[in-house]
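Lettering follows sequence order; numbering is per chain, from 1.
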There are 2 protein chains.
Amino acid sequence: MSSHITIKDIAKAMGCAPSTVSRALNNSANISPAVREAIQRYAQEHNYRPNEFALSLRNNRSNTIGVILPQMVHYFFSSVLSGVEKAASAAGYNIMVAQSNEEYEKEVAIVESFRKAKVCGVIASLAKSTHDYSHFRRLMEEDVPLVFYDRICTELNTSRVVVDDYTGAFAAVEHLVETGCNKIAFYTSPLHLEISKNRRNGYVDALRKHRIDVDNDMIFECDTRMEARNLTLDLIKSGRCPDAFFAVNADTAAGILYACKDLGLRVPEDVSICGFSDNEMARSTEPRLSMVDQPGEAVGRGAMELLLAKIDGDEEKLVYKNKIVKTSLILRGSTREK
Amino acid sequence: MSSHITIKDIAKAMGCAPSTVSRALNNSANISPAVREAIQRYAQEHNYRPNEFALSLRNNRSNTIGVILPQMVHYFFSSVLSGVEKAASAAGYNIMVAQSNEEYEKEVAIVESFRKAKVCGVIASLAKSTHDYSHFRRLMEEDVPLVFYDRICTELNTSRVVVDDYTGAFAAVEHLVETGCNKIAFYTSPLHLEISKNRRNGYVDALRKHRIDVDNDMIFECDTRMEARNLTLDLIKSGRCPDAFFAVNADTAAGILYACKDLGLRVPEDVSICGFSDNEMARSTEPRLSMVDQPGEAVGRGAMELLLAKIDGDEEKLVYKNKIVKTSLILRGSTREK
DNA sequence: AAATCTCGCGCAAACGTTTGCAATGTTAAA
DNA sequence: TTTAACATTGCAAACGTTTGCGCGAGATTT
C-alpha cells in the first residue's frame, strides 16, 4: 500500500521546489505566509510524516536513546526502565534497550551496537563484572551523552543518578539501634561497587553515632537468597547470632528471614530484619519485611532528565550533574516499633 | 573525533569507485578476487562499519524490532521482554520498547511511533482497554510483520504466542479437586480477554470431568490484591465460603491468602489457594503459594522466532503460526498434597 | 582475422531531507 | 529613472549506500 508521501511529492503537487516545502514545514525564515500555509495544509491533509532515516542520515544521529540494564527481570531495574520510558516517550524519544546479564563482554557488545545504531544518548548501569571502562570512554570520545545510574562509574566524568544509599542505610540501621538492637549483621554485595561502599558507610556511621563498636566480622559479602540462608544458619548455629540483620536486597532479607524461622527464632521479637530495595516480595513474607525503598521510576526519570539536558544543552555540554534520589524507610513487621 | 570511515574513503584510498568497494564488501558477483581481498583487508584494518542510516534509507527498513508491553514493572512481562531481547540480540536485531500502561490511547501512539521509526517487526500484547485494533491493522497493511503474545488479538490474522492457559488452569483445578476440594472459587481478569476465556474453560472442564457442578456465582471478575482481599472477606463472612480458590495471578492469590488468614482460616487445611503466573512473591508468602508457572522467557523467545520467520520468510510470508508454550504446576504449601 | 562473448569495473541515479548560494521579482531609496 | 536593498524561491550538493547499465579489454569462437 501507499508507502508515505514525501517532500518531493508535495513539491510536485504544489508546483514548487522541495527546498521550499522543507522550509515551509520547518517554519524557516524567508518564506511567504501564503505559500507556507498552503503547503502546511496540504501536508496535513495528506498526512505527511518526515522520513526518519533521511533525517538521521543527514544529522548523523537518531532519535533514539539506548538503555543498558544489568538484568531485566528485576524489580528495581524494570522500574528504572519504566521511568526512563515514560520520560523519553514524553520527550519524543524512542528507547532501545539491552541487558548485560551482568557480563562484561555483553556490555561491551551492547555499547558497540548502540554506537552502530548512533543513539543520541546512553543511560547505563554497570554489570557486576565490569572493571574496565574503555567501551564507555570510546562512546564519550564520540560525544555521545552518557548518564550512569545506580551502579555508576566514578572513573568517568559523566552525569549520574544514584539513590541515597548512605542515608538510606543510615536510617535503617539507626532504626534498628533505636529499637534495641546492638549487634547488627550487614550482608552486602561486592564492596568494589559504589553502592556497597555507600551503604557500608551508612551502616558504620549509624553504629558510631550510637557508640556501638563496628565489628568487621559482622559484615559479609552475601547477596543472594541461598547464600543468605546458609550463611545465617551457620551464623546462628555457631552461637554468634546477631540481634538484627541489615541486608542488601529483598532476596537476601528473605533468605535470612526463613533461616531464622527454621531455627525457631521469632521475628522481630528475637531478631529484627531490614533490607534495601523494596519490592513485591518484601510485602509478601510473614512477617512482612521492613525495607529501604529505592524509587526506581524516579531514578529512571532523573536519568532521562539529565540526559536530555546534555543533549539539548549547547553551552553547558561540558557540565555534568549528579542527582541523588531520596530513599524512604518502609517499616513493616520484621522490625520492632519504637 | 574521527567519525567513521565510509565507502567513499575506501574507494579513494584504493583508487577505485565506491560501487566496487560496495560489491567487494558484500561479496557480490563480478569482482576479481584480488581486488576483493585488498578492499576487505583495508576495510578490516580501518575498522569500517556500514552506516546504518544509509542502509535503512535505501532499504526503507531499520534493523530494529518494536516491543509493546502492557506494563514494564511486572514479573511476567519483564520476563517476556528478557526473552525477546536475548533472541533479538542473538539474531543481530535491536529492540525498541514501550509500555502502554494498559491504555488504549498510549498503545495507538506507540504503534504510530513504531511506524515512524520503521521497525521491521512488532511484538505486542494488548492493553486491557483495547477493543479496537485498527492501529495494528494499519501496521499490517504496510506489511510490517506482527506477532502477538499473551494477550493476543483473535480478530487479526497474525502469528501468536500464548501460554497454555487452558491446560494450566485445568491441571491446577484438577489438583484442587483431587486433594478434596469441591467448591472452588475462580477469580479472573476481564472475560473479554482471550487468556481469561481459556482459563475459565480449563476451570470449567476440570470441574465437569470430576462431575462437579459449575456454579457461576463462584466466578468473579477480580484481578488485584485489594479487590481480592475485600471480595474474599465478604465472601467468607457471607457464609458462602469456598474450600479452594483459583486466582488469575499472584497478587490476587496473595490477597485471598491474607484475607483467609485474617479471618482465622488455615491454609491449606481449611482452604486451598492456587494462582496463575508464578513470580517471586508467590515464593515468599507463608505458606508459599502453589502456582501455575508461565515461562515468560520462553514466550518472548518464541515470539521472536515467529517474527524472524516472518521477516526472513519469502514464500511463506502469508503463513501465520501459533505457538503454545507449556505451563507447569508448581505445588507449594498453599495446596494440600495428594 | 573478424566477430562474439565474458569479465571486471565505473558512472550515475536513487532513497528523503536540509541548506548555502544564486537567481529571480518587487519595493524603496536616491 | 536608476540603483540598491530585500523578500522569495529554485538549484544543486550533501549525508552513505546499493545497483542497473554500459564500456572497455581480454579471451574465445567462427
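- Side-chain contact between Ile5(A) and Tyr42(A) is present, with heavy atoms from C-beta onward closer than 4.5 Å.
- The base of dC9(C) is not paired with the side chain of Ser32(B) by any donor and acceptor separated by under 3.5 Å.
- Nucleotide dC15(C) holds its C1' atom 15 Å from the CD atom of Glu52(A), rounded to whole Å.
- The aromatic rings of His131(B) and His192(B) sit tilted relative to each other, their planes meeting at an angle between 30° and 60°.
- Between Asn101(B) and Lys86(A), the closest side-chain pair of non-hydrogen atoms falls below 4.5 Å.
- Here the nucleotide nearest the side chain of Ile7(B), chosen from dC11(D), dT17(C), dT17(D), is dT17(D).
- Residue Thr20(A) places at least one side-chain N or O closer than 4.0 Å to OP1 or OP2 of dG10(D).
- In this structure, CG of Asn60(A) is placed 16 Å from P of dT18(C), rounded to the nearest angstrom.
- Following rounding to the nearest Å, Leu57(B) (CG) and dC15(D) (C1') show an atom-to-atom distance of 9 Å.
- With rounding to whole Å, Ile39(B) atom CD1 is found 12 Å from dG10(C) atom C1'.
- Closest to the side chain of Leu55(B), out of dC9(C), dG16(D), dT18(D), is dT18(D).
- For the pair Lys118(A) NZ and dG16(D) P, the interatomic distance rounds to 8 Å; values are reported in whole Å.
- The side chain of Val35(B) has dC9(C) as its nearest neighbour among dA14(C), dC15(D), dC9(C).
- Candidate nucleotides dT18(D), dG16(C), dT18(C) were compared by shortest atom distance to the side chain of Asn51(A), and dG16(C) ranks first.
- Residue Lys8(B) places at least one side-chain N or O closer than 4.0 Å to OP1 or OP2 of dC15(D).
- Ile31(A) places its CD1 atom 15 Å from the P atom of dG20(C), with the value rounded to the nearest Å.
- Arg23(B) has its CZ atom 14 Å from the P atom of dG22(D), to the nearest Å.
- Side-chain N/O atoms of Asn59(B) include none lying less than 4.0 angstrom from OP1 or OP2 on dT17(D).
- Side-chain proximity of Ala17(B) to the nucleotides dC11(C), dG16(D), dG10(D) is greatest for dC11(C).
- With distances taken from any side-chain atom of Ser19(B) to the nucleotides dT19(D), dT17(C), dG10(D), the minimum falls on dT19(D).
- With DNA chain C read from its 5' end, the first of the two nearest nucleotides for Ala54(B) and Pro33(B) is the one closest to Pro33(B).
- For the pair Ser78(B) (side chain) and His74(B) (backbone), a donor-acceptor distance under 3.5 Å is present.
- Between the CG atom of Asn63(A) and the P atom of dG16(C) there is a distance of 19 Å, rounded to whole Å.
- Between the Thr6(B) side chain and the Asp9(B) main chain, a donor and an acceptor come within less than 3.5 Å of each other.
- Among the atoms of the strands shown, only primed sugar atoms or phosphate atoms (P, OP1, OP2) are found under 4.0 Å from some heavy atom of Thr6(A).
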